[in-house]
Every structure is written in structure tokens, then in C-alpha cells.
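Scroll down for the structure; my scribbles are underneath it.
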There are 2 protein chains.
Amino acid sequence: MARPRSFDPDDVLEIARQMFWQKGFQATSLDEITAMSGVAKPSLYAAFGDKNALFLKVLDRYHDGILGWAERVLAQPGPAREAIRQWLTGFIPYCSGEKGQRGCLSINSATDGSLDQAELRKSIERYNRRLEDLLRTRLRAGRAEFSKGFDPDVTAQTIMVVHAGLLALAHQRPDARRVKAVIDQVMGLLA
Amino acid sequence: MARPRSFDPDDVLEIARQMFWQKGFQATSLDEITAMSGVAKPSLYAAFGDKNALFLKVLDRYHDGILGWAERVLAQPGPAREAIRQWLTGFIPYCSGEKGQRGCLSINSATDGSLDQAELRKSIERYNRRLEDLLRTRLRAGRAEFSKGFDPDVTAQTIMVVHAGLLALAHQRPDARRVKAVIDQVMGLLA
DNA sequence: CGCATTCTGTACTTACAAGTACATAATGAA
DNA sequence: TTCATTATGTACTTGTAAGTACAGAATGCG
């Protein structure tokens, strides 16, 4: 009944994700996204709303990707300890070397002073809460593995902090072995 | 022999620090700094160079402040364990509640896509290295307090990661008690 | 006092990015 | 085929911020 869209919104979101992740929200212009995607600005506005709204969609997509992976890894059978170690270890490629330079889109965006802070914080908070829930649930389920004084709630928080710290320091492109050594040491808390 | 400067550069750096910290590099305009400081743009350019250079001076000042404090706290007599606990605990006001929202200027700036990344990374790297050196030195000096397998080098890295993680998550304004609980748990690694 | 020198304030240029007006193209339905 | 409807592309407006030209003010020195 009307002219169909000539592009796949998911493709554009994927391109925008890479660009926002690489350069940040503010430093990425819609003109650049237009150039990379081949989709003109009025179409972007029609499909996604303004730049803020586009970014929030990109961020949700990013969050969903990480959460999906976390669910898969943390749902594994076997000791909670090993599931969590594997989850943390999986971030090493994103926390070290050249690829680490861009850090984490979620953490990065929290500082961008031109984003709508209210919406942004809600999105990030939801993401952090879900991630922490996954960790806590797994730790509680594996309680039998740990000593009597073990506190799964605080430990889940601590792992979140370590995870955020590794990604915050990733911009410095640390050596992968050092990152691994830190993870190994932190795993000592799961006892 | 010429007209003297009518403002104190340190005052301007202090004002700029607050503004950059609150809103980020890109979102803070020189016009705003002019308005807050009462110093006109040509004077800013003459005194500090362009916006990048001004920011780097502000960042160095910020780094020096934290390093100075860390040196004081970590040079304390007594157990290394307590010195480090006190150092970490001292960040709680900056990692929680309303004041935590702005996070850490150093971590925040690492993501800003419009800064000169080369100079910026050098500055941050120097800062991180010096901080880690302070921690490592103190841990090595207090070796007698710890068990035989204790690794002061990796532990210094881990503390850096936890520190960065707390400040990265600070934007979500977590509860101070939760932050403290995480620190307490991490202190368990110093044994 | 008069002069060289450096700072200050106003007002400007330039560049770039967000968002939009409008004419046109592509579809499904009647 | 014709129309209603929605997408597209060009070109525009608007706002804002970085950086600067230039005239004038404030100092020390001779």
C-alpha cells in the first residue's frame, strides 16, 4: 500500500553500533552514519527518531547481545565457579590489545554529556541489574560448592565491579596475560 | 614590561576541571568556561593553547591531586593491608550517591572520541602506572604480613581493576554500603 | 612622558552537525 | 491505470562551538 523501505533497519543498527562504539556518541555524526550505511538522514529519522533514540536502540541491541551470551554461558551445567570463570575469561579479547581500545559501549556512553541522561541511565541500570541477577542466581544455585561464610550477593556485585574495571581499563590496551592473571586472582574469592 | 595577566591560571584550571568532570570534554564549551571563569577566549588560548591542551592540563592536575593523596595514605606506617583499605575506602564518597554520578575524570575522558587520543593515552597511562607502582611498592614492603604464595604484583593490578570498576559503575549512583561491602570482600585477597 | 610589549574584550569567521521542507519515486489497492 | 500512501534524496535552515582579527588597555622602562 506504500513504498517499502529500501534498507534493513538491523543492518543500520549494526553499522551504527560499530561507529558509536569506536568513536563515541557525540563524535559520531549522522552524516557519517549516512555515508557508511548508504541510508539518507530523513530515512534514519523516520525509522529511528532522533540521534538519541537511535543511540538508545543501538545500546539496547548491544546489551541484549552481551546478556544473551551471558545467559548461555552461565546456564551451563557443572560448577558455578567454572561457569563464571568462563564468562569472565570470554571478555579477555575485548579487554586487551587493539580490540580493547574501544572499551565497552555501555560504560563509555555513561559519560557522554550530551545524551539524555535519564533514559540512558535507565537502560544501563536495567542491563547491570540483569547481569548481576544472572551472576547471583548462578552463585546461589551453586552454594554447595562454597564455604559456609560465602556471600553470593556481595560476590555477584564484586564480579560486576571487576568486569567493569577490566573494560574501563581496556582503553589502555593491556596485555591479555595480565588480564588473565587478574581474573585468576579474583576467582580466589569464589571459595 | 608588559600588561600583567588579570587572572590566576590555577583558578581557571580548577573551574575547567569541575566543568569537564561534570559534563565531559566535548559537551563543555569554551564559551561556558569563559562565562564561569570571567576570562575571555583569547586569554584562554594565550594561556593554555587550544581546547585539547587545556583539557590535558586539567587532567594532569586531576591526576596529580589523586596521586598526592595516594602517596600520603599509602606512606602511612602500619600494615600495608590497612593502608590500602583506607585508600580504597577513601573513594567511597566519589563512587556512590549523587557525587558519584560524574565518575572519574580520567576514566571518562578515555572514551571521548574528539580528544587527541595519543596524548591522552600517554597521560592516563603514566597516571595508572604511577598509581599501580605505589600499590605494588607498598604491598612488597609489607610482604611479611601475607602468606607465602601472595603475589604483590598481580594484587596491585587487581586493586587497580577494582578501583576502576568502582569508579566506572559510580555513574549509576550505587549505595555507599554496597560499595563498602565490595571493598571489604576484595580485601580478602590481601592475605 | 612616550614607547615597546603583552594582555583583554568585542566581534567576527568558519566549520560542522542536527534536524527538516519538499519534490519525487515506488508500492498496493480500486 | 490512477490514486493514496509512505519512503527516498537533495538541498536547505539553524544552531552552536572552535578559533582569531583587531582595536584598545595596562604595565615597565628609558
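Just so we're on the same page: letters track the sequence lines, and every chain starts at 1.
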How would you list, by chain and number, every residue that makes a side chain to side chain contact (heavy atoms under 4.5 Å, CB included) with Arg3(B), sequence neighbours excluded?
none
With a 4.0 Å cut-off, would you call Lys122(A) and Glu119(A) a salt bridge?
yes
Whole angstroms only, please: what is the CD1-P distance between Ile33(A) and dG19(C)?
11 Å
Any pair with a residue in residues 114-138 of chain A that passes ring pair (Phe, Tyr, Trp, His ring centres under 6.0 Å), sequence neighbours left out, goes on the list, sorted by first then second residue, please.
His63(A)-Tyr127(A)
Non-hydrogen side-chain atoms of Thr158(A) and Val154(A) separated by less than 4.5 Å:
yes
Taking ring-ring contact (aromatic ring centres under 6.0 Å, His included) as the test, write out the residues that go with His171(B), two or more places apart.
none
Counting primed atoms plus P, OP1 and OP2 as sugar-phosphate and everything else as base, spell out the protein contacts along nucleotides 22-30 of chain C at 4.0 Å heavy-atom distance: B, S or - for each nucleotide, 5' to 3'.
---BBBS--
Check for me whether Lys51(B) meets the cation-pi criterion with Phe25(B), that is, NZ or CZ under 6.0 Å from the six-membered ring centre and within 45 degrees of the ring axis.
yes
Send over the distance from Met36(A) CE to dA17(C) C1', rounded to a whole Å.
18 Å
For the pair made of CZ in Arg5(B) and P in dT6(C), what is the distance, rounded to whole Å?
12 Å
Atom pair CG (Asp151(B)) and CD (Gln157(B)), whose distance is rounded to the nearest 0.5 Å:
8.5 Å
Side-chain N,O (Lys41(A)) to OP1/OP2 (dG19(C)) below 4.0 Å
no
Near DNA chain D, under 4.0 Å by heavy atom, which residues of residues 12-29 of chain B?
Thr28(B), Ser29(B)
Considering only heavy atoms of chain B and a distance under 4.0 Å, specify the first and last nucleotide of DNA chain D in 5' to 3' order that meet this criterion.
dA17(D) to dG28(D)
For the residue pair Phe150(A) and Phe146(A), categorise the inter-ring angle as parallel (less than 30°), tilted (30 to 60°) or perpendicular (more than 60°).
parallel
The test is salt bridge (Lys or Arg N to Asp or Glu O under 4.0 Å); show your working for Arg130(A) and Asp133(A) and say whether it passes.
CA-CA 5 Å; Arg130(A) 284 212 251 157; Asp133(A) 276 349; over 6 Å; no
Rounded to whole Å, please give me the gap between OH in Tyr45(B) and C1' in dT13(C).
13 Å
Give a yes or no on whether a salt bridge exists between Glu132(A) and Arg136(A), defined as a side-chain N under 4.0 angstrom from a carboxylate O.
yes
Ion pair present between Glu14(B) and Arg17(B), side-chain N to carboxylate O less than 4.0 angstrom?
yes
Short side-chain N/O contact to dT8(C) OP1/OP2 from Ser43(B), under 4.0 Å:
yes
